[in-house]
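Data first, discussion second: the structure below is written as structure tokens.
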Amino acid sequence: MAYLNLFWPEGTVLPRMLPLDIFHMETGGCTGCALELRSLSRALVEGHSDIRFVSTPRQAGLLLVTGSLTVEMAPVVELAWQAMPGTRLLAAVGDCAVDGGVFTPSYAVLGGVEGRARASLLLPGCPPSPAEILDALIRWRMQGEDELSA
Amino acid sequence: MTQVADLIRSGTPAACPGRFVLDEQGWRDMAAALSHSALPLLGLWSDGGQVHALFMEGTRPLMASVAVTDGRYLALSPARAGASASERIMQDLWGIEAMGATASAPWLDQGRWPVTWPLRDRPPPAPAPPEGVEFIDDATIVQAGGTVLGHGPAEGDFNAPFHLRLGVPGERIMQVHSRMGYAHRGLCARMRGATVAQAARLVARIDATATVAHQQAFADALAVMEGNGAGGMHDAALFVGELGRIMAHLDTLAVAAELLADRRFVILAATLLERVRQACRDMCGSRLLFDVLPPAGGNERVMSLPAELLAELRAGCTALRRLFWRPRGMAMQARGRGILRADVAGHWGIAGCVGRAGGVESDPGPYGSRPPAVWPDGSRAMAGDVTARLALRLHEVETAVEILSTLDAVALTAPPVGEYGSGEGIGCAEGPAGPVWHWLRVENGRVAAWWCGDPALLLFQALPQVLSGAMYEDVPLILASLGLSAASADL
């Protein structure tokens, strides 16, 4: 019955495990980053991870953007951002989402989120591998927890 | 067929082999003769001064061009339905009007671009963007008081963005409107003035699911331009092409299995996919095979798959096939959904994997780049439904694994990157979704005009017929089985 010590009022304060719900948006690119995110999503589901990709921004705490942010997609990103509840954060994955990548300058492309919005996580790469994305997400999360506990 | 081809060949031969420039009357005669001919139209585009139409005569490309007079030309959509989206795209990008077209509404430009007709030399500024999107529903939907449901552009499903407006008066979809342009990046404008190497990097990033096919078609077009001829795939290009096909099909199969809740299939397909991607990274330095073919990826290297991986892929394919066809498996669940019949595919000019699943006999390419696909189970499964498409993809994975196992270590030799002068060329490669075409004109080493023809554009036009009668819940599965990519349709 060793687990009962978890119910004792004394002892170390255990960190509260908050799930990370991510809503992904492809905003106009080659979808390479999205393919790698799809692989990551399958691995997370299989591993019963508390990092999850959700199908609506209304459940999400993190908006993860890939692609070069086309002019047509900008209002859609804004709508998704407004639909997110509570504390919300923005992440940009891939060269295109960070600064537009190879698709800038163009009349149809705004060129990523850098300089337009304050992103919590910027991960360049063309495309970054699922391991790199997961590593960045976990590091960013732990960094956030350290800051909270400090 | 002969008559139209003869009419085209009566024009003035142009710089590109197989292209003939017609006068206005010649184009008019060709458009009139098309309605009595079966000559397949594969693409329609403009370079500003001329409009070009690409046909396939047997296994050879045949192009007809006509000068744009007063910003107009005679439309081909009354005779070839698949030309409609291309005509609307030309109107959006160049402001060139197709006279007598079956539809004239914008396809790409939804009013948010800062300029109108952006590919013109001096594009006029655009009016203020619209406040909302206006759709006109069919009278039947309005009368039935039916529900209208949307799909996209952001579904959290890792696909390129597009929007579908689906009218569902009862339990089945009756009306489908698509709204494109969300994924349009202005690639035509980006290509103009770019060096050939810069253009090749952009071409590799048109669509990650068919990146090798785009690189191959672009390299073929360059070879034709240089006068070397598209002499078929050499071993290295065939090798990476089959790797790309395996990855695209496995990903599609895994997505479909996720939607059908077949967890064992998902795990196996995703594991094989990850193995292949890791092998690609080890061999070529890119998990998705970006920049592997010259001129963008000119590094000389020797590529080979480890024997263990080939054995694993072969065993994996057998296991996937068993899971797919097992009782109450994916094949049984998806049967009869999302049917794309041969006549619908022929109406829109759809070829490739999706067309073949419906029974269309399509040639894999004009240059015989790949051994012709053989349908495994005869005509029984050519129903054109989701099951047939997924089964054909699974079969193509098995075929690709066999092709790879016949190739030993292949050496990718980079051709000497010389100065590209001036010229014109066209190339084709069979991608996972169908034939991919690239045409380009180079002037003094820089791209002056470029066009890319991707099967996705035809598939998007055929969506109303594929989705009509389907259940709303089946839409993601049907879209996944078609392998739709808005990134390559919008460019």
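As the structure is a prediction and not an experimental result, all values here were calculated from the model. These values consider heavy atoms only, across backbone and side chains, with no hydrogens, waters or symmetry-generated copies. Quick note on labels: first sequence line is chain A, next is B, and so on, each numbered from 1.
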(message) Taking side chain as everything from C-beta outward and backbone as N, CA, C, O, which of these in B:V255 sits under 4.5 Å from a heavy atom of chain A? Side chain, backbone, both or neither.
(response) both
(request) Flag the one option from A:V45, A:T56, A:L35, A:T27 with the top tally of heavy-atom pairs under 4.5 Å to chain B. (result) A:L35
(request) Indicate yes or no: does B:E274 engage B:R287 in a salt bridge with an N to O separation below 4.0 Å. (result) yes
(message) Parallel, tilted or perpendicular: which one describes the rings of A:F53 and B:F158, with boundaries at 30° and 60°?
(response) perpendicular
Please table the atom pairs, donor to acceptor, closer than 3.5 Å between any side-chain atom in residues 91-113 of chain A and protein atoms at least two apart or in another chain.
from, atom 1, to, atom 2, distance (Å)
A:D95, OD1, A:G125, N, 2.8
A:D99, OD1, A:G101, N, 3.1
A:T104, OG1, A:G101, O, 3.2
A:S106, OG, A:A108, N, 3.2
A:S106, OG, B:R185, O, 3.0
A:Y107, OH, B:H184, NE2, 2.7

(request) Go through B:G111, B:P118, B:A486 and name the one with the most non-hydrogen pairs under 4.5 angstrom from chain A. (result) B:P118
(request) With a 4.5 Å cut-off on heavy-atom pairs, point out which of B:L202, B:L187, B:V115, B:L273 contacts chain A the most. (result) B:L202
(message) Is B:E155 in contact with chain A via its backbone, its side chain, both, or neither, using a 4.5 Å heavy-atom distance?
(response) backbone
(request) Report yes or no: does A:S41 contribute a side-chain atom to a donor-acceptor pair with the main-chain N or O of A:L37 at less than 3.5 Å? (result) no
(request) With a 4.5 angstrom heavy-atom cut-off, could you sort out which part of B:L288 is near chain A: side chain, backbone, both or neither? (result) side chain
(request) Tell me, for A:V54 versus chain B, whether the close heavy atoms (under 4.5 Å) come from the side chain, the backbone, both or neither. (result) backbone
(message) Using heavy-atom distances under 4.5 Å, tell me whether B:N159 contacts chain A through its side chain, its backbone, both, or neither.
(response) both
(message) I'd like to know if A:D135 and A:R139 make a salt bridge, using a cut-off of under 4.0 Å between side-chain N and carboxylate O.
(response) yes
(message) As an exercise: rank B:E258, B:M247, B:R201 by heavy-atom pairs under 4.5 Å with chain A and give me the winner.
(response) B:E258
(request) Return yes if a side-chain donor-acceptor contact under 3.5 Å exists between B:H163 and B:R179, otherwise no. (result) no
(request) Taking only Lys NZ, Arg NE, NH1 and NH2, and the carboxylate oxygens of Asp or Glu, determine whether A:D50 and A:R141 approach each other closer than 4.0 Å. (result) yes
(request) Find the one option among B:A154, B:A487, B:S286, B:A183 whose heavy-atom pairs under 4.5 Å with chain A are most numerous. (result) B:A154
(message) Any non-hydrogen side-chain atom of B:Q198 less than 4.5 Å from a side-chain atom of B:M191?
(response) no
(message) Strictly less than 4.5 Å between heavy atoms, which residues of residues 63-79 of chain A line up against chain B? Please order them by number.
(response) A:S68, A:T70, A:V71, A:E72, A:M73, A:P75, A:V76
(request) Ignoring hydrogens and angles, state whether a donor on the side chain of B:H438 or B:W451 is under 3.5 Å from an acceptor on the partner side chain. (result) no
(message) What part of B:Y182 gets within 4.5 angstrom of chain A, counting heavy atoms only: side chain, backbone, both, or neither?
(response) both
(message) Side chains of B:S178 and B:R165: any donor to acceptor distance under 3.5 Å?
(response) no
(message) At a 4.5 Å cut-off on heavy atoms, which part of B:R277 comes close to chain A: side chain, backbone, both, or neither?
(response) side chain
(request) Side-chain contact test, heavy atoms from C-beta onward, threshold under 4.5 Å: evaluate it for B:F290 versus A:P127 and give yes or no. (result) yes
(request) Could you tell me which of B:A254, B:S488, B:A189 has the largest number of non-hydrogen atom pairs under 4.5 Å with chain A? (result) B:A254
(request) Measure distances from A:S55 to the heavy atoms of chain B and classify the residue's part below 4.5 Å as side chain, backbone, both or neither. (result) both
(request) Report yes if some heavy atom in the side chain of A:M84 is under 4.5 Å from a heavy atom in the side chain of A:R58; otherwise report no. (result) no
(request) Could you please spell out the steps behind the salt bridge (Lys or Arg N to Asp or Glu O under 4.0 Å) verdict for B:D251 and A:R42? (result) CA-CA 11 Å; B:D251 193 48; A:R42 285 187 194 124; 3.1 Å; yes
